[in-house]
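So the structure is just underneath, and the comments pick up after that.
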Amino acid sequence: PTSGAGSGAREGDDDGRPEVLSTPTPMSVRNGVGTVTPDESQSDIPTPDRAPSSRSRSRRNVTPDKAPSSGDASNTNVAAPDRAPSSIGNTPSRRNVTPENAASTGTGDASNANGPTPDPAPSSRVEEVRREVLTNMGNDARIKAQIKAEGCATTLSPEEREKRKKCLDKWIKANTDPRTGKGRFVFKRGCAKGCLTTILGGIGTEPWPPSVNPPDYNREPNPFIAKNEFYVAGNEEWNFFTPRFPGDTGLVNTKAFTQNRQSKQKEFHMFVQCSTAKHKRHWHGENAQTGRMYVGVYRKVVDEDGDDVVETIVHIDDHDLDVTNRLGIAKHHLRWYIKHTGGANYTTQDPQFLRCREKAAQEAGDAWGKAKDTQKDTLTMYQVLLEQRFSMKTVPIEFVRYDEKLYQALVDVGAVIERKGRTGQVALTPEGLNHWY
């Protein structure tokens, strides 16, 4: 069958409110933490011609009953020049992306079609999960690009077709509501009469909120979450490697644990935001866009000895990080810098920003003259983050079980996201999921 990768993506928070996230301290400011989130990234922004960064694994010992230690520095500040991460992936070819070819490629970044170089055989469960997630992501991008270019999936190898068919069968089964036989519903995160916080509590604008005062359920103590336990429900732009469907493996930002270290829980409810672009990992069909899909109860994967955490560091220019994610993260930081560094003067007076603006113009080439001022500022902020070596840490997570009672409670309370004529249900066909074999 033929496939269309879709045009540009517009990612954002489904309720239009900010998401509370920690932010790197700018060079001109040495205090404060940001509290804004990406609004909507635009794939028609000319993307800089940057070679992708390397990705590395760091290991540190923690006790089984303790989350990773504080000071999650690599998530927030500049990587030390003498601590450069080692490469574990291949380097794709460089390419200028303009508003025109960004829309035509779907991803806006040709490098996404290159899968990571396979690692040596995994030595532990942690390595096995990490490798599985990254390899699947790279292969899926490559295959989708091939199918789009050739117009069909028949040129895939028999092994690839069989693997993708098995994945799709598992995907559809996991996302089928056993009561209706139709696609499962996706939900509103917060700030609505019926939403995730109605059942689980917490602050709806936080990506991994602790439930400080869990709401009662049917006039009884909450059976789904205990006091101070957290769940994960952040924006797709910041959670690009999370599971695709119930039972799938994934990677989650370490801040979910470092910012909830007061909780001793081993398992947590996991929600992923459905993408608005067909080529992306979390595309679940037209009707599911921007909604939070419940993928089940998950836990952090640890090595067999139970006390060793393996982290994957993802840099802002990593070749597995989609262009819409990169620009969304840049928008978040741009808004934070403007808010905390003297308002709009930041973009006209800050020395680092002005220096990076020249670099952004050079990278964009002729497309720079056609870009809007807001797009130019976003591209400049992207260059600032490149200069600062901005990165995020992730750790592997694995499926534990699916809480059908929680899913049904969210449906019953009216948390289903039904907007603009959409049903809020995930797709269950190759066409709907853009998953061809």
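Fair warning: this is a prediction, and the values are worked out from it, not measured in the lab.
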Strictly below 4.0 Å, N to O, side chains only: are E160 and R142 in salt-bridge contact? yes
Using distance alone, with no hydrogens and no angle criterion, decide if K227 and N222 have a side-chain donor and acceptor under 3.5 Å apart. no
So do the side chains of E286 and K278 get within less than 4.5 Å of each other, counting heavy atoms only? yes
Between E404 and R184, is there a side-chain N and carboxylate O pair less than 4.0 Å apart? yes
Are F390 and I329 close enough that some pair of their side-chain heavy atoms sits under 4.5 Å apart? yes
Is it true that F271 and Y298 have ring centroids separated by less than 6.0 Å? no
Is a side-chain donor or acceptor of D248 paired with a backbone partner of R244 at a separation under 3.5 angstrom? yes
With sequence neighbours left out, which residue pairs that include part of residues 408-418 fulfil the side-chain hydrogen bond (donor to acceptor under 3.5 Å, both in side chains) condition? R179-Q408, Q408-D412
Have H279 and W283 got a donor and an acceptor in their side chains that come within less than 3.5 Å? no
Under 3.5 Å side-chain donor-acceptor pair for Q146 and T155: yes
T347 and L354 have their tightest heavy-atom pair at O-CD2, 3.8 Å
Between H282 and N239, is there a side-chain donor-acceptor contact under 3.5 Å, judged purely by atom types and distance? no
Check: W171 ring centre within less than 6.0 Å of H284 ring centre: yes
CG of D366: more than 12 outside heavy atoms within 6.0 angstrom? no
Under the side chain to side chain donor-acceptor pair (under 3.5 Å) criterion, do E363 and Q383 qualify, and how do the steps go? CA-CA 10 Å; E363 295 283 355; Q383 291 294 330; 4.8 Å; no
So does D322 pair up with R326, basic N to acidic O under 4.0 Å? no
Taking T249's backbone N and O only, do any of them form a donor-acceptor pair with E132's side chain (distance below 3.5 Å, no angle check)? no
Relative to the ring of Y402, is the ring of Y407 parallel (under 30°), tilted (30 to 60°) or perpendicular (over 60°)? tilted
Under a 4.0 Å N-O cut-off, is there an ion pair linking E236 with R281? no
F224 six-ring centre to K405 NZ/CZ under 6.0 Å and within 45° of normal: no
Are K331 and T374 linked by a side-chain donor-acceptor pair shorter than 3.5 Å? no
Considering only NZ, NE, NH1 and NH2 on the basic side and carboxylate oxygens on the acidic side, decide whether R299 and E398 come within less than 4.0 Å. yes
T380 side chain near Y382 side chain, heavy-atom distance below 4.5 Å: no
Would you compute the distance between atom CD of E229 and atom OG of S263 and round it to the nearest 0.5 angstrom? 5.5 Å
Using a 4.5 Å cut-off on heavy atoms from C-beta on, say whether the side chain of F187 contacts that of I417. no
